[in-house]
**Q** 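Below is a structure I'd like to ask you about.
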There are 2 protein chains.
Amino acid sequence: MSDIRILLVDDHPVVRAGLRAMLADFPGVTVVAEAADGDAALAELRRLHTLGEPVDLVLMDLQMGAGMDGVTATGKIKAGEAGSPPPPVLILTTYDTDADILAAVEAGASGYMLKDAPPEQIRQAVLSAAAGQTALAPEVAARLMGRIRNPSPALSAREVELLELLATGMSNRAMAKQLFISEATVKTHLVHIYSKLGVDNRTAAIAAATQRRIIRGR
Amino acid sequence: MSDIRILLVDDHPVVRAGLRAMLADFPGVTVVAEAADGDAALAELRRLHTLGEPVDLVLMDLQMGAGMDGVTATGKIKAGEAGSPPPPVLILTTYDTDADILAAVEAGASGYMLKDAPPEQIRQAVLSAAAGQTALAPEVAARLMGRIRNPSPALSAREVELLELLATGMSNRAMAKQLFISEATVKTHLVHIYSKLGVDNRTAAIAAATQRRIIRGR
DNA sequence: CGGCCAGTCATCCAAATGGTTGATTCCGGC
DNA sequence: GCCGGAATCAACCATTTGGATGACTGGCCG
């Protein structure tokens, strides 16, 4: 039986080198290509596919400095844009916020590991994912469980819209003008937002929303 | 002439492996020890020092998942707590906000590199730092230069400190307690911050500070 | 030495924000 | 066709925040 053929996708040369070194120590796996962002990853997959040497597993980071991000790339890969059948995608990232995890799972990722995981855990995840199984880091699994147990109420589209203006530093009056509604309505929305996010002032709302990736950070 | 003896400090096994692999390709350097956080780093330095095998350079990450953070550890190392003379400390991290950079420099770091830097740049920085020189990533240097050229009024250290608490959503009262000062003082600082950033409320201050990378978003 | 600035604190007042209650409209689902 | 949720607005009141002025201290610089 031949080795598991892997594509590494990460924008940090240091991390790619680390994964390459780590995977080299695992018998049964081979890194056949690397990419620094989602675009390059898709190109590599297509190239290898047309060569008749498809990859068996994609190890993907979520945050890329520039170019297509990991979630988008995962979605495109699973949509078959880089050849079918699409290979499993194992997310390997630093963050473990709810929004990140859900987005990745929705995009079709087969697993979600954290970079600070011990090598043995990563090895297990790689083997599981390549075999078509799901591989979740314990921390991630715990977070998902907790989320199912007590789901945080979803913000409405209008509320998110308001939150985005809020994050730019606008006053209630300014937001009211911008959205063609009264200040009273703005306040009502804010109160709803606060209660859904479990905070009691606008700056904390921004912090919470940014943390949960409801709105953009920086 | 013997090799430059290096201690790696990073909480991610993957990153440590990457740095080890990358440094192994550079002639003239040897990784003699690794640590996953600041406490372990200090312990390693002391151990090697008593063995009569001091390290010539510490490669330090700033963010550690648990244990002592990089800035604190750098400060302690430069204070001679792990043997003197203290070795140069080269910061190697993911972020490049003003607050991070200033804190590291104040703690006594000899340089500041970003993890997404190409290997050659990292190699140069390692050699420079080991030789007792300063090594700044181009992005970081540019930021510092721009800061000097730009007449954008610099925030004081205390003001940045306050800004960071502000961004977590704390009220004036909460910040006052946290910083052991009165609410009146907090308000004074805020007014100064607003005028320096050209804004007139706290959320706008956070937006401006995040935009200018004075503090970290998310 | 004298001046300046950061940091500290106080007081007063005006404006913005947070919290509550209640009401209307519209839409989609059961 | 009724119910519930989202969105809209109003009025009220307590608290927080913003803005101005003034004052004291300790350090740094020329």
Side-chain angles (χ1 to χ4, degrees), chain A residues 150-212 214-215, chain B residues 98-99 101-103 105-108 147-148 150-210 212 214-215:
Chain A
N150 69 336
S152 72
L155 298 186
S156 72
R158 191 61 157 170
E159 285 164 353
V160 172
E161 199 180 347
L162 217 129
L163 208 37
E164 274 162 352
L165 294 185
L166 189 63
T168 70
M170 292 174 77
S171 68
N172 290 352
R173 178 168 306 174
M175 292 187 286
K177 272 191 185 165
Q178 176 100 22
L179 298 177
F180 302 106
I181 57 180
S182 76
E183 282 184 60
T185 306
V186 169
K187 290 178 60 174
T188 306
H189 282 310
L190 286 180
V191 168
H192 289 160
I193 291 171
Y194 298 159
S195 87
K196 285 180 180 178
L197 294 180
V199 300
D200 63 355
N201 67 66
R202 49 180 62 218
T203 51
I206 293 172
T210 307
Q211 181 117 34
R212 301 185 201 176
I214 294 169
I215 58 176
Chain B
D98 288 7
I101 297 170
L102 290 180
V105 170
E106 275 170 19
R147 168 164 271 260
I148 291 169
N150 198 341
S152 78
L155 297 186
S156 71
R158 191 59 155 172
E159 286 163 354
V160 173
E161 198 180 347
L162 219 130
L163 208 38
E164 276 164 347
L165 294 185
L166 189 64
T168 69
M170 292 175 75
S171 68
N172 291 351
R173 178 168 308 176
M175 291 187 286
K177 272 192 186 164
Q178 175 100 22
L179 298 176
F180 303 107
I181 58 181
S182 78
E183 282 183 61
T185 305
V186 169
K187 288 179 63 174
T188 305
H189 282 311
L190 286 180
V191 168
H192 290 160
I193 290 171
Y194 298 160
S195 87
K196 285 181 180 178
L197 293 180
V199 299
D200 63 355
N201 68 67
R202 48 180 60 215
T203 51
I206 294 172
T210 307
R212 301 187 201 176
I214 294 170
I215 57 175

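Within every chain, numbering begins at 1; the chains are lettered A, B, ... in the order of the sequence lines, protein sequences first and strands thereafter.
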**Q** If you pin A:Glu159 and B:Lys187 to their nearest nucleotides in DNA chain D, which one's is more 5'?
**A**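 Nearest nucleotide further toward 5': that of A:Glu159.
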**Q** Report yes if at least one side-chain N or O of B:Asn172 is closer than 4.0 Å to OP1 or OP2 of D:dT17; otherwise report no.
**A**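 True: B:Asn172 side-chain N/O within range (under 4.0 Å) of D:dT17 OP1/OP2.
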**Q** Check the distance between C:dC5's C1' and B:His189's NE2 and give it to me in whole angstrom.
**A**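 Rounded to whole Å, this separation is 13 Å.
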**Q** On DNA chain C, does the nearest nucleotide to B:Ala157 precede the nearest nucleotide to A:Leu190 from the 5' side, or the other way round? Give the residue.
**A**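 Final value for this comparison: B:Ala157.
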**Q** Which nucleotide in the list D:dG18, D:dA10, C:dG19 gets nearest to the side chain of B:Asn201?
**A**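 Out of D:dG18, D:dA10, C:dG19, the nucleotide with an atom closest to B:Asn201's side chain is D:dG18.
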**Q** B:Leu166 CG to D:dT16 C1': how many Å, rounded?
**A**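 Roughly 13 Å, once rounded to whole Å.
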**Q** Output yes when at least one side-chain N/O atom of B:Tyr194 is less than 4.0 Å from OP1 or OP2 of D:dG18, else no.
**A**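 Answer yes for this pair, as a side-chain N or O of B:Tyr194 is under 4.0 Å from OP1 or OP2.
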**Q** Whole angstrom is fine here: how far is it from CD1 in B:Ile193 over to C1' in C:dG7?
**A**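 To the nearest whole Å, that distance equals 12 Å.
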**Q** For A:Lys177 and D:dT8, give me the distance from atom NZ to atom C1', rounded to whole Å.
**A**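 That distance rounds to 19 Å.
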**Q** For the pair made of CG in B:Leu162 and P in C:dA6, what is the distance, rounded to whole Å?
**A**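 Nearest whole value for this atom pair: 15 Å.
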**Q** Using a 4.5 Å cut-off on heavy atoms from C-beta on, say whether the side chain of B:Asp200 contacts that of B:Tyr194.
**A**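 Answer no - side chains too far apart.
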**Q** Among the nucleotides D:dT8, C:dG7, C:dA10, which one has an atom lying closest to any side-chain atom of A:Thr188?
**A**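 Of the options given, the side chain of A:Thr188 lies nearest D:dT8.
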**Q** Calculate, to the nearest 0.5 Å, the distance between atoms NZ and OG belonging to B:Lys177 and B:Ser171 respectively.
**A**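 So the NZ of B:Lys177 and the OG of B:Ser171 are separated by 9.0 Å.
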**Q** For the CZ atom of B:Arg202 and the CG atom of B:Leu162, what is their distance to the nearest 0.5 Å?
**A**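 Interatomic distance, B:Arg202 CZ to B:Leu162 CG, rounded to 0.5 Å: 9.0 Å.
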**Q** How far does OG of B:Ser195 sit from CG of B:Leu190, to the nearest 0.5 angstrom?
**A**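 Reported to 0.5 Å precision, the distance equals 11.5 Å.
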**Q** Counting only side-chain N and O atoms of A:Ser182, is one of them less than 4.0 Å from OP1 or OP2 of D:dC9?
**A**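 Yes.
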**Q** Roughly, in whole Å, what's the span from CZ in B:Arg173 to P in C:dT17?
**A**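 Rounding to the nearest Å, CZ of B:Arg173 and P of C:dT17 are 19 Å apart.
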**Q** Using only heavy-atom distances, decide whether a donor-acceptor pair under 3.5 angstrom links the side-chain of B:Ser156 to the base of C:dC5.
**A**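 Donor-acceptor pair under 3.5 Å: no.
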**Q** Ignoring hydrogens and angles, state whether a donor on the side chain of A:Ser182 or A:Thr185 is under 3.5 Å from an acceptor on the partner side chain.
**A**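 Yes, side-chain donor-acceptor contact under 3.5 Å.
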**Q** D:dA7, OP1 or OP2 - any side-chain N/O from A:Thr185 closer than 4.0 Å?
**A**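 Result: no.
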**Q** Using a cut-off of 4.0 Å on non-hydrogen atoms, how would the nucleic acid contact of B:Ser171 be classed: base, sugar-phosphate, or nothing?
**A**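 Sugar-phosphate, backbone atoms only, no base.
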**Q** Let me know the distance between CD of B:Glu183 and C1' of D:dG19, rounded to the nearest Å.
**A**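 The distance from CD of B:Glu183 to C1' of D:dG19 comes to 16 Å, rounded to the nearest Å.
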**Q** Just N and O in the side chain of A:His192: are any of them under 4.0 Å from OP1 or OP2 of D:dA6?
**A**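 Answer no for this pair, as no side-chain N or O of A:His192 is under 4.0 Å from OP1 or OP2.
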**Q** Can you find a side chain N or O atom of A:Arg158 that sits less than 4.0 Å from OP1 or OP2 on D:dT8?
**A**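 Checking A:Arg158 against D:dT8: at least one side-chain N or O falls below 4.0 Å of OP1 or OP2.
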